[in-house]
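Heads up, the thing below is written out as structure tokens.
Numbered from 1 within each chain, the chains take letters A, B, ... in sequence-line order. When reading the values below, keep in mind they use all heavy atoms of this one structure, side chains included, and skip hydrogens, waters and symmetry mates.
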Amino acid sequence: MLNPIFDPDGPKIIVNCGSGGVGKTTLSAAMGLAGALAGKKTIVLTIDPAMRLADALGLSEFHADVQRVPLDKISSAAESSVGELYAMMLEPKRTFDELVTRYATPEISRKILNNRYYQHISNNMAGSNEYMAMEKLYETYHEGVYDLIVLDTPPTRRALDFLEAPQRLLNVLGHSFFWKLIKPYLKAGRWSLRMLNVMASPILRVVGQVIGRQALNDLIGFFQVWDEALYQGFNRRAEAVKALLGSDETLFFAIATPQRFPLQEAEFFWERLKANRMPFGGFIINRVHASIHDVPAPPIDQTAAQICPGAPVDSQLIEKILLNYRYIQRQAESDAASIRGLESRVAGLAGVKTIAAVEEEIIDLAGLLDLVGYLKE
Amino acid sequence: MSDGTAGKNNRDFLKLNADSQLAELFSRRLIFVMGKGGVGKTTISTALAIAAERMGKRVLLAEIGDSDAIGQIFINDTLPEAPLKIADRIWGARVNPKTELALYVRHHINSKFFANRITRSRLFDYLVAAAPGLREIMSLGRIWRWTQEAGSAEPFAYDLIIVDAPATGHALSLLRLPRVLIEMIRFGPIVKEVRELESVLRDPARTWLTLVTLAEELPTNEALQLYQAADADLGMPFKMIFINAVYPRVFTKPELERINDLKSFCRGNDTDASCLKLLEAADHLIRMRRRQQPYIDRIKSKTRGGGVEVPVYYTNHLSIGDIGDIASRMIRQMREQSEP
């Protein structure tokens, strides 16, 4: 399932999606390392990474410029030639500003960058993080410098957000219908916001009452410039990004844990990809509690004396040990049931890869290498 | 609110035992349960509702937007927008920002015909999506109106409303929203309502903010940042932090030594393999707890009330019974923690 990462003719882009807290960032770093170990010049694009991961990669911190991950300790030990690994942190607001500056004249850029409504959408409107992650991915791809780009998508509640949020944002920004409604009420002159004849339109009057005249002016001022200077450029760009994500240069992975919600989200995500005929690499189910393997489990109703005959131990301790064992076994069985359910639902259509829960946090490249080992298995 | 009063209140609060801590918590009108996605807000919200119910409270448990996790737990379906009785003294409801906005428009437009035309227009959908913070403020507005109903005789007379807050975006921006909106909109009927809403959110007699986190690096960092910023920048301190899915400290120190002895005994005496397997399970628990400990310590040292440890629950599909059990264990844990 994960061969495309190592395959020299594999896709150039790996996108990891999943709901929050499933370990996307660490897995993305491990996939990046795997790509580099296979000789590829690889970059991992990530948002909001843990300090510990930066430490593990030998970086003092992540920032928005490309950083090279030192692999010399690994390369000296490796048999084959090792590629290069780079990391870059996504900064959605900065990317958004750069896009505006690219498409608009300096005068108009300044107006947009200072508009309060723009500041709101570029900072925290739902979808702007995802949109800008796609944008950065597209930009990096077109630089043509890397053999493999691994994108760790922004943390969202829903796995689907990565696919849907940018379109929602574009719908909002590119709604010609809004213009039909407002244009008749705009008096002559560009940027003459207070010339907006709100009173002439009952609907706009209500809008003004609900969100306030000031906010309405900001909003309309933004859309006016957006429409004149940016809409076409952004839309063309968005179409190109969409085409790239749907091409065989890209492979999506759905990351989850065996818990109900993340697993459900991963499946929704997969179904959406299928419906849009987008390339799916498979499910990676992280933090799976393995039952304590290899030996048969002691039957639940056995007493301590039967299980550890002759062991010098008081019964109270053994009771605790037994109870704990049952809990841990229960978790393992629950995880196994979740995974069996997923496998039966996607059988023949998509791969499922499980990664065992580890007891130790990943604190260095060696830990990340162990994870690469799991991915290769 | 100044740091001084908040600090004093929290110091007093620390002296209380677990039961009075909960009694204090459940004497509010409104409890917000906040935190990053995936940390278990729904589990904690539901456990709190069950705990409050057991203390005789009538509880409204609310979730916001397209979340349907609470509905799935109680009725195996999405909750309706009007409160529905889902347990003896628990009602559940889902707040739909669009419905609230439609209500709002109807309230402020004299012509019914016109109000309907607007709320059915595409512009309206557009507006809900485009206007900054509108969805959130409309949701908060609904909750605020419920607090107005709370304690009244009919129709629902809740003592307490517990809100499973949305994880989307940063919780801090949700708390900042009323202030931002007041500055943006400046005047008009919505500002008046937002001001009232803000006064409820800021009033510790009526509202407590609680925070859920996990004993892992990113959730801990984010929770502590939020905790500090809410107090220092907003003057809206979090009153309780729940550390979810904590592996319990089951074994005493001497017992840990015995477990090690036992391992050597089993290896040396060629006992039944399942004996070693039991010990491995014990080791697993010990190592998982060790991994969490630095984060638990950090949370406890950096927050005034300390964190409430909520023990891990070993299944992926929590039932109401399971969450009731979590509530009991959470309370037991609080009692143990509050003992000197």
Side-chain angles (χ1 to χ4, degrees), chain A residues 19-22 48 50-52 116-117 120-121 124-126 155-157 168 171-172 175 177-178 181 202-203 206-207 209-212 214-215 219 258-262 292 295-298 307-313 317 320-322 324-325 327-331 334-335 338 359-361, chain B residues 36-39 69 101 104-105 108-109 114 118 121-123 126-127 129-132 134 167-170 173 184-191 214 217-219 250-251 255 258-259 261-262 265-266 269 271-282 284-285 287-288 291 314-317:
Chain A
S19 56
V22 296
D48 198 22
M51 266 314 292
R52 195 167 288 273
R116 282 196 292 186
Y117 185 68
H120 167 77
I121 59 166
N124 48 20
M125 185 152 147
T156 50
R157 200 177 78 87
R168 276 206 297 272
N171 287 347
V172 167
H175 214 304
F177 146 84
F178 189 66
L181 203 116
I203 289 191
V206 174
V207 173
Q209 275 172 19
V210 173
I211 67 170
Q214 179 73 42
L219 197 125
Q259 287 169 307
R260 175 166 53 188
F261 183 77
I292 297 166
V295 283
I307 295 167
C308 298
V313 69
L317 174 57
K320 276 188 189 175
I321 292 176
L322 258 177
N324 171 61
Y325 171 79
Y327 280 146
I328 284 175
Q329 204 56 21
R330 180 179 164 196
Q331 178 71 65
S334 181
D335 284 7
S338 298
E359 291 166 347
E360 312 290 337
E361 274 184 300
Chain B
K36 187 179 155 77
V39 296
L101 187 57
Y104 181 87
V105 169
H108 288 280
I109 301 292
F114 216 50
I118 288 168
S121 75
R122 280 167 68 204
L123 171 72
Y126 179 77
L127 185 69
L134 202 56
T168 41
H170 213 286
S173 49
M184 251 178 103
I185 303 177
R186 301 211 180 141
F187 50 83
I190 200 168
V191 170
L214 296 172
E217 188 194 353
L218 278 183
V250 172
F251 303 108
E255 282 174 341
R258 296 299 293 275
I259 288 171
D261 294 347
L262 259 176
F265 175 86
C266 286
N269 286 284
T271 43
D272 187 345
S274 52
C275 184
L276 256 181
K277 201 169 160 171
L278 285 179
L279 298 170
E280 275 174 34
H284 174 72
L285 174 79
R287 282 194 294 265
M288 291 309 276
R291 175 180 168 155
Y314 301 87
T315 179
N316 298 317
H317 294 260

- Message: If we ignore hydrogens and angles and just use 3.5 Å, is the side chain of Lys36(B) paired with the main-chain N or O of Gly20(A) as donor and acceptor?
- Response: no
- Would you check if the side chain of Ser334(A) reaches a backbone N or O of Asn316(B) as a donor-acceptor pair within less than 3.5 Å? yes
Heavy-atom pair with the smallest gap, counting every atom of [X] and [Y]:
| X | Y | answer |
| --- | --- | --- |
| Tyr325(A) | Lys277(B) | OH-CE, 3.6 Å |
| Thr315(B) | Arg330(A) | CG2-NH2, 3.6 Å |
| His284(B) | Ile328(A) | CD2-CD1, 3.5 Å |

- Item | Beyond-backbone contact of Arg291(B) with Glu361(A), side-chain heavy atoms, under 4.5 angstrom | yes
- Looking at NZ of Lys320(A) and CG of Leu278(B), how far apart are the two atoms once the value is rounded to the nearest 0.5 Å? 15.0 Å
